[in-house]
Visitor: 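Below is a structure I'd like to ask you about.
So that the names make sense, note that chain A is the first sequence line, chain B the second, and so on, each numbered from 1. These numbers come from a predicted model, not from an experiment.
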There are 2 protein chains.
Amino acid sequence: MSSVFKALSDPTRRRVLELLRDGPQSAGDLAAKFDVSKPTMSAHFGVLREANLVISEKQGKSVIYHLQLSVLEDALLGFAQIFGLGAPDAADQKPSKNQSVES
Amino acid sequence: MSSVFKALSDPTRRRVLELLRDGPQSAGDLAAKFDVSKPTMSAHFGVLREANLVISEKQGKSVIYHLQLSVLEDALLGFAQIFGLGAPDAADQKPSKNQSVES
DNA sequence: GGTTTATTTAGCCAAATGACGAATTATACC
DNA sequence: GGTATAATTCGTCATTTGGCTAAATAAACC
């Protein structure tokens with residue numbers, strides 16, 4: 001769980017996740033979209049993999065990365081819920097925090 | 001914005017935010033709840049302050065820290081929304097991602 | 001003014017992080 | 001088998017991070 005937030009703390013890695021939102025991509029295709037070396041990107045992928053934010057699947061000589069949305073969801077919304085945040089949708093005015101979150 | 005995720009990447013700092021959820025607290029009172037030295041805690045407070053996740057108010061010889069919930073909300077839910085996450089409350093079954101987030 | 005109390009700053013250290021180029025591994029292609 | 005391509009591992013480096021103790025600052029109290 002801490003590994004997820006650690007992974008999210010780097011802008012390059014957050015960007016990778018955003019790119020993966022549009023569908024699985026190979027390590028090379030992803031790396032091509034960044035200004036850093038491939039070994040560096042590989043290290044970033046490793047951090048994301050270890051946090052289970054992505055899974056990798058070897059296909060031919062490529063490695064395809066898939067986003068694991070559920071892990072991101074659990075971390076982000078799980079943590080948000082601790083603070084009574086989340087679900088800014090009821091009607092369309094924020095009902096603020098009168099939902100008796102504490103007590 | 002990146003500073004917020006950076007701040008959230010440390011478990012001690014996340015814990016500080018959780019404690020602050022129950023109301024403002026002095027630096028000393030907060031520090032007493034952790035196993036690290038006060039200077040170390042002061043550095044953590046500095047990171048949280050710089051990310052605007054907390055604000056500090058000097059009161060007598062103490063410094064009172066307040067949680068800035070809105071900043072946490074913007075970062076967490078804002079980022080979650082990029083992925084079509086958020087609001088797991090409609091009725092009570094997750095309607096999953098049929099909300100046509102992309103296309 | 002001097003002392004205690006609360007917090008931060010200064011200076012240091014070890015470990016982790018993000019970056020690189022070079023070398024390695026693994027697969028495909030001829 | 002040999003070569004090209006894709007990705008990772010290795011070794012190195014500079015910077016950042018999180019921790020500490022000691023010193024400095026700030027406010028209250030006698």
Side-chain angles (χ1 to χ4, degrees), chain A residues 1-20 22-68 72 75 79, chain B residues 1-20 22-68 72 75 79:
Chain A
M1 201 273 202
S2 202
S3 62
V4 173
F5 279 102
K6 209 66 190 309
L8 292 178
S9 73
D10 183 87
T12 297
R13 289 192 291 264
R14 287 199 303 276
R15 196 71 210 300
V16 169
L17 295 178
E18 292 183 35
L19 290 172
L20 249 23
D22 300 331
Q25 276 185 73
S26 73
D29 284 0
L30 280 170
K33 289 162 181 152
F34 293 85
D35 246 8
V36 297
S37 72
K38 273 182 281 190
T40 295
M41 288 305 296
S42 189
H44 282 308
F45 298 149
V47 173
L48 291 171
R49 227 184 301 118
E50 221 179 281
N52 295 305
L53 284 165
V54 300
I55 56 174
S56 62
E57 172 208 356
K58 181 138 205 176
Q59 199 165 81
K61 54 187 159 182
S62 295
V63 172
I64 311 294
Y65 282 101
H66 302 251
L67 181 58
Q68 287 265 274
L72 187 64
F79 188 67
Chain B
M1 202 273 202
S2 201
S3 62
V4 172
F5 279 102
K6 209 68 188 311
L8 292 178
S9 72
D10 182 88
T12 297
R13 288 191 292 262
R14 287 199 304 276
R15 195 71 209 300
V16 168
L17 295 178
E18 292 182 35
L19 290 172
L20 248 24
D22 299 331
Q25 275 186 72
S26 73
D29 282 1
L30 279 169
K33 288 160 182 155
F34 293 84
D35 247 9
V36 297
S37 72
K38 273 181 281 189
T40 294
M41 288 306 295
S42 188
H44 282 308
F45 298 149
V47 173
L48 292 171
R49 228 185 300 117
E50 220 178 281
N52 294 306
L53 284 164
V54 301
I55 56 174
S56 61
E57 173 207 358
K58 183 138 205 177
Q59 200 164 81
K61 54 186 159 182
S62 295
V63 172
I64 310 295
Y65 282 101
H66 302 250
L67 181 58
Q68 285 265 274
L72 186 64
F79 188 66

Visitor: Between D:dT9, C:dT8, D:dA26, which nucleotide has the shortest distance from any of its atoms to the side chain of B:P39?
Guide: C:dT8
Visitor: Give the rounded distance in Å between these two atoms: NZ of A:K61 and C1' of D:dA6.
Guide: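 Atom NZ in A:K61 sits about 7 Å away from atom C1' in D:dA6.
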Visitor: For A:S26 and B:S62, find the nucleotide of DNA chain D closest to each by heavy atoms; which residue's nucleotide sits nearer the 5' end?
Guide: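 Of the two residues, A:S26 wins.
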Visitor: Rounded to the nearest angstrom, tell me the gap between atom CG in A:L30 and atom P in D:dA6.
Guide: 14 Å
Visitor: Figure out the NZ/C1' separation between A:K38 and D:dA6, and round it to whole Å.
Guide: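 In whole Å, D:dA6 C1' lies 7 Å from A:K38 NZ.
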Visitor: For the residue pair A:F79 and A:F5, categorise the inter-ring angle as parallel (less than 30°), tilted (30 to 60°) or perpendicular (more than 60°).
Guide: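 Perpendicular.
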Visitor: Can you measure A:F45 atom CZ to D:dT8 atom P for me and round it to whole angstrom units?
Guide: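 Going from A:F45 (CZ) to D:dT8 (P), I get 7 Å.
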Visitor: Using the side chain to side chain contact (heavy atoms under 4.5 Å, CB included) rule, pick out the option among B:N52, B:L48, B:L53 that qualifies with B:V4.
Guide: B:L53
Visitor: Nucleotides 16-18 of chain C: which of its N/O atoms have a protein N/O under 3.5 Å away?
Guide:
| unit_1 | atom_1 | unit_2 | atom_2 | d |
| --- | --- | --- | --- | --- |
| C:dT17 | OP1 | A:K6 | NZ | 2.7 |
| C:dG18 | OP1 | A:R13 | NH2 | 3.2 |
| C:dG18 | OP2 | A:R13 | NH1 | 3.1 |

Visitor: What is the distance from CD of A:Q25 to P of D:dA7, rounded to the nearest Å?
Guide: 11 Å
Visitor: Expressed as a whole number of angstroms, how long is the span from B:E57:CD to C:dT8:P?
Guide: 13 Å
Visitor: Take atom NZ of A:K58 and atom P of C:dA26, then tell me their distance rounded to the nearest Å.
Guide: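 These atoms are roughly 7 Å apart.
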Visitor: Within the structure, does a side-chain N or O atom of A:S37 lie under 4.0 Å from either OP1 or OP2 of C:dC20?
Guide: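 True: A:S37 side-chain N/O within range (under 4.0 Å) of C:dC20 OP1/OP2.
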Visitor: Is there a donor-acceptor pair closer than 3.5 Å between any side-chain N or O of B:R14 and the backbone N or O of B:L8?
Guide: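 Yes, the answer is positive, given that a donor and an acceptor are paired below the 3.5 Å cut-off.
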Visitor: What is the distance from CG of A:L48 to P of D:dT8, rounded to the nearest Å?
Guide: 12 Å
Visitor: For residues B:V16 and B:H44, determine if any side-chain heavy atom of one lies less than 4.5 Å from a side-chain heavy atom of the other.
Guide: no
Visitor: Can you figure out which of C:dA19, C:dT8, C:dT27 approaches the side chain of A:V36 most closely?
Guide: C:dA19
Visitor: Rounded to the nearest 0.5 Å, what's the gap from NZ on A:K6 to NZ on B:K6? Could you check?
Guide: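 Here the rounded value is 8.5 Å.
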Visitor: Counting only side-chain nitrogens and oxygens, does B:R49 get under 4.0 Å of the OP1 or OP2 atom of C:dT7?
Guide: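 Indeed not, no polar side-chain atom of B:R49 lies that close.
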Visitor: Quick one: does B:V54's side chain get under 4.5 Å of B:F45's, heavy atoms only?
Guide: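 No, too far: nothing below the 4.5 Å cut-off.
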Visitor: So, is B:Y65 close to the C:dT8 phosphate, meaning a side-chain N or O under 4.0 Å from OP1 or OP2?
Guide: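 Checking C:dT8 against B:Y65, a side-chain N or O does come within under 4.0 Å of OP1 or OP2.
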Visitor: Take atom CD in B:E50; do more than 12 heavy atoms of anything else shown fall under 6.0 Å from it?
Guide: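 Not buried by this count: 12 neighbours or fewer within 6.0 Å.
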